[in-house]
Amino acid sequence: MVDFYIKSLKDNVDKKVVLKGWASNIRSGKGIYFVLMRDGTGFCQVVVSQDAVSSEAFAAIASLTQESAFWVEGTVVKDEKQIGGYEVQATDAGVIHIAEEYPISNKEHGVTFLSNNRHLWLRSRKQWAIMSIRNEIIMAIHGFFQKEGFVQMDAPIFTGNVVEGTTTLFETDFFGHSAYLSQSGQLYAEAIAMAMGKVYTFGPTFRAEKSDTPRHLSEFWMIEPEMAFYDLEDDMQVIEAFIKYVVRQVIENCPQQLEILERDVDRLKNVFQPFPRVTHADAAKILRGELEVNGKNALKVQEEDLAQAKSDLERVLNEIAEREEKIKTSSKGERRFHEGKILQLRKEAEVLTEKTRNIPKWIESARNFSDDNDFGNSDETVLTRVFDAPVMVYNWPAKIKSFYMKEVEGNPDLVKGVDLLAPDGYGEIIGGSERENDLNVLLRKIKEHNLPMEAFEWYLDLRRFGSIPHAGFGLGLERVVRWVCGLDHMRETIPFPRRYGRLFP
RNA sequence: UCCUCCUUAGCUCAGCCGGUUAGAGCAUCUGACUGUUAAUCAGAGGGUCGUAGGUUCAAGUCCUACAGGGGGAGCCA
């Protein structure tokens, strides 16, 4: 077992400790080794000087390869230059296992290669930071709901019915009957809320759509609170307090992880502002450029972004050309430096080229947005670009939302749904609503949506025995992780992503 | 399903108008260096250029098909 972990170094300066872990990176000079050790709780440089340890211990360290396991005894020293701020100066060390040649080097790799090596990729620093923030978010979710008096309950994973009626589900065999893997625990959460008051479910969710995008997984984790006697307004208040709480916990408890991810924490802190609320109808106007937000016109902002991307691209291409010219007359060391820069600049140029190709399409899509549509991915990006904080869009056209959402009084074409859109194009992270509590309206809606009435008999009972106003929402864990960490793709937000075209490892 | 880009060493990528023996960095191995931060420096090994056809005196380079992948759209949360 292990008596001491890297995360506790800060409380043990100048003391002698024994660490066990893996060699993440190894550098050496004459008579000295610098081994970056990781032990799951953090990273720490171990310094092994020839005259501070026995010859056996020094030989052990000299034999380490990347990802070899070893132990070290040494003194904790504060050193601001180090990752985590501390290093250990070894007095003794030994090998636990010498690793074979490790496939993931300290250089950059492509996503396909890394995905195929996900079981090893998880060991790298960036992935460690993401996974530990994921853990913090999970704990913060439980922390928020528990302190607010919610009861955590589990919805079933095997289900016989289709909640939304629209999505494609994974079908499986349940003792000779066809069953589906749950796409949402919401209907069950409603039943539980009628028993327990304020509740939340936290479980895996499955969607079988062939969506090959950075925003989709086939298997993901969803948190679904449901509150008895809450209306849409109350729902929105919970959403806002909840997101603020979760982000605050991450900022307070994971500064090192956010630094590793190079996340712009000031941008993240925009969540502490009040969340703007717009109706779907106003959002449509904003998209079409008919309504400005704080003097900002969504279409003009996109045009400015486009112009910016174009000039950035030109600058990057010029710099590449300049450096290529310099290489011809450079010494070897300089050439290597320029080549490294050029590689980086080429990637930047690729991203910018993509942007200049996409933004005109986004502007076109936003300009032509029609009132009764759901937002496309680009529409969410265009809309959130004019806000700093997450945006709540409410009062949606009934025909694009699920049957269980409550109609707006006096306007049956609208329902009391709310989506929370994260800033900077990270998209929808929460979808919620006040639920329809009128039995007759619900019966009509189920028919209109062509859903099998018999599957919903138990659900309709909730409207027969003490029907009350109630509301709730669903939060996609991985989408929140992606946004908080500032990641390009959902595949890095979960240890072993399951998505269209990816079942391995 | 559609649009678009890509596939060259274990990894990341150069390879211009088709022309001699296919290049670099990392990783690996050998050596140098007492404070490195993707350490650096000197050297070595490492290739059926995704697959199958075609054009040509000549194909990594041009054409066609197929396979695999990235980005975008759609479907969707």
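When reading the values below, keep in mind they use all heavy atoms of this one structure, side chains included, and skip hydrogens, waters and symmetry mates. In what follows, chains are A, B, ... by sequence order, proteins preceding strands, each numbered from 1.
Side chains of A:Thr356 and A:Thr353: a donor-acceptor N/O pair is absent below 3.5 angstrom, by distance only. Using a 3.5 Å distance cut-off with no hydrogens or angles, the side chains of A:Ser365 and A:Asp379 do pair a donor with an acceptor. Side-chain contact, A:Gln89 with A:Glu87: a donor N or O sits under 3.5 Å from an acceptor N or O. With no hydrogens or angles considered, no side-chain donor-acceptor pair links A:Arg263 and A:Gln257 at under 3.5 Å. When only modelled atom types and interatomic distance are considered, A:Glu101 and A:Thr65 share no side-chain donor-acceptor pair under 3.5 Å. Checked by atom type, the side-chain pair A:Asn395/A:Arg277 shows no donor-acceptor distance below 3.5 Å.
Annotation: B:rG47 and B:rG10 have their C1' atoms spaced 12 Å apart (nearest Å). On the P atoms, B:rG68 is 46 Å away from B:rG31, given to the nearest whole Å. Nucleotides B:rA27 and B:rG70 have their P atoms positioned 27 Å apart, rounded to a whole Å. Separating the C1' atom of B:rA22 from that of B:rA65 is a span of 27 Å, rounded to the nearest Å. Rounded to a whole angstrom, the distance from the P atom of B:rU21 to that of B:rU37 is 42 Å. The C1' atoms of B:rU56 and B:rA14 are separated by 26 Å, rounded to the nearest whole Å. A gap of 39 Å separates the P atoms of B:rG74 and B:rG18, to the nearest Å. Rounded to a whole angstrom, the distance from the C1' atom of B:rA24 to that of B:rG46 is 14 Å.
For the pair A:Ile104 CD1 and B:rU28 C1', the computed distance is 16 Å after rounding to whole Å. As a whole-Å value, the separation of A:Lys81 NZ from B:rA38 P is 13 Å. Atom CD of A:Glu100 and atom C1' of B:rC29 are 16 Å apart (whole Å). Counting to the nearest Å, the P atom of B:rA77 and the CG atom of A:Leu421 are 14 Å from each other. Regarding A:Ile32, its CD1 atom lies at a distance of 6 Å from the C1' atom of B:rG35, rounded to whole Å. Rounding to whole angstrom units, CG of residue A:Leu345 and C1' of B:rC13 are separated by 14 Å. The distance from atom CD of A:Gln183 to atom C1' of B:rA77 is 10 Å, rounded to the nearest whole Å. B:rG10 atom P lies 18 Å from atom CG of A:Leu120, rounded to whole Å.
Under the 90° criterion around 0 for the glycosidic angle, B:rC5 counts as anti.
Between A:Phe375 and A:Gly29, the residue whose closest nucleotide on RNA chain B is further toward the 5' end is A:Gly29. Between A:Glu87 and A:Pro103, the residue anchored nearer the 5' end of RNA chain B, judged by the nucleotide with its closest heavy atom, is A:Pro103.
Between A:Phe158 and A:Tyr180, the distance from one ring center to the other does not fall under 6.0 angstrom.
The cationic atom of A:Arg118 (NZ for Lys, CZ for Arg) lies less than 6.0 Å from the six-membered ring centre of A:Trp121 and within 45° of the ring axis.
As judged by a 4.0 angstrom heavy-atom cut-off over every strand, A:Glu364 is placed among residues making no nucleic acid contact. When heavy atoms are screened at a 4.0 angstrom cut-off, A:Leu36 is found touching no nucleic acid atom at all. Using a 4.0 Å heavy-atom distance criterion, A:Gln45 is classed as a base contact. Among the atoms of the strands shown, base atoms are found under 4.0 Å from some heavy atom of A:Phe34. Among the heavy atoms of the strands, none lies under 4.0 Å from A:Gly431. At a threshold of 4.0 angstrom between heavy atoms, the contacts of A:Phe220 include nucleobase atoms, whether or not backbone atoms are also involved. Base contact: A:Ser28 has a heavy atom under 4.0 Å from a base atom. As judged by a 4.0 angstrom heavy-atom cut-off over every strand, A:Asp419 is placed among residues making no nucleic acid contact.
In terms of polar N and O atoms assigned as donor or acceptor, the side chain of A:Gln82 comes within less than 3.5 Å of the base of B:rU36 in a complementary pairing.
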For nucleotides 68-75 of chain B, 5' to 3', base contacts (B), sugar-phosphate-only contacts (S) and non-contacts (-) with protein non-hydrogen atoms under 4.0 Å give -SSSSSBB

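Between A:Phe504 and A:His119, the two ring planes are perpendicular [angle over 60°; tilted spans 30° to 60°].
Distance alone, capped at 3.5 Å, places no donor-acceptor pair between the A:Gln152 side chain and the A:Phe145 backbone.
Counting only Watson-Crick or G-U wobble pairs whose defining distances are both under 3.5 Å, the stems of 3 or more consecutive pairs in RNA chain B are B:1-7 with B:67-73, B:10-13 with B:23-26, B:28-32 with B:40-44, B:50-54 with B:62-66.
The environment of CD in A:Glu314 is sparse: at most 12 heavy-atom neighbours from other residues, nucleotides or ligands sit within 6.0 Å.
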field: A:Tyr404 vs A:Gln186, side-chain hydrogen bond (donor to acceptor under 3.5 Å, both in side chains): CA-CA, chis, key distance, verdict
entry: CA-CA 10 Å; A:Tyr404 53 73; A:Gln186 187 207 307; 2.9 Å; yes

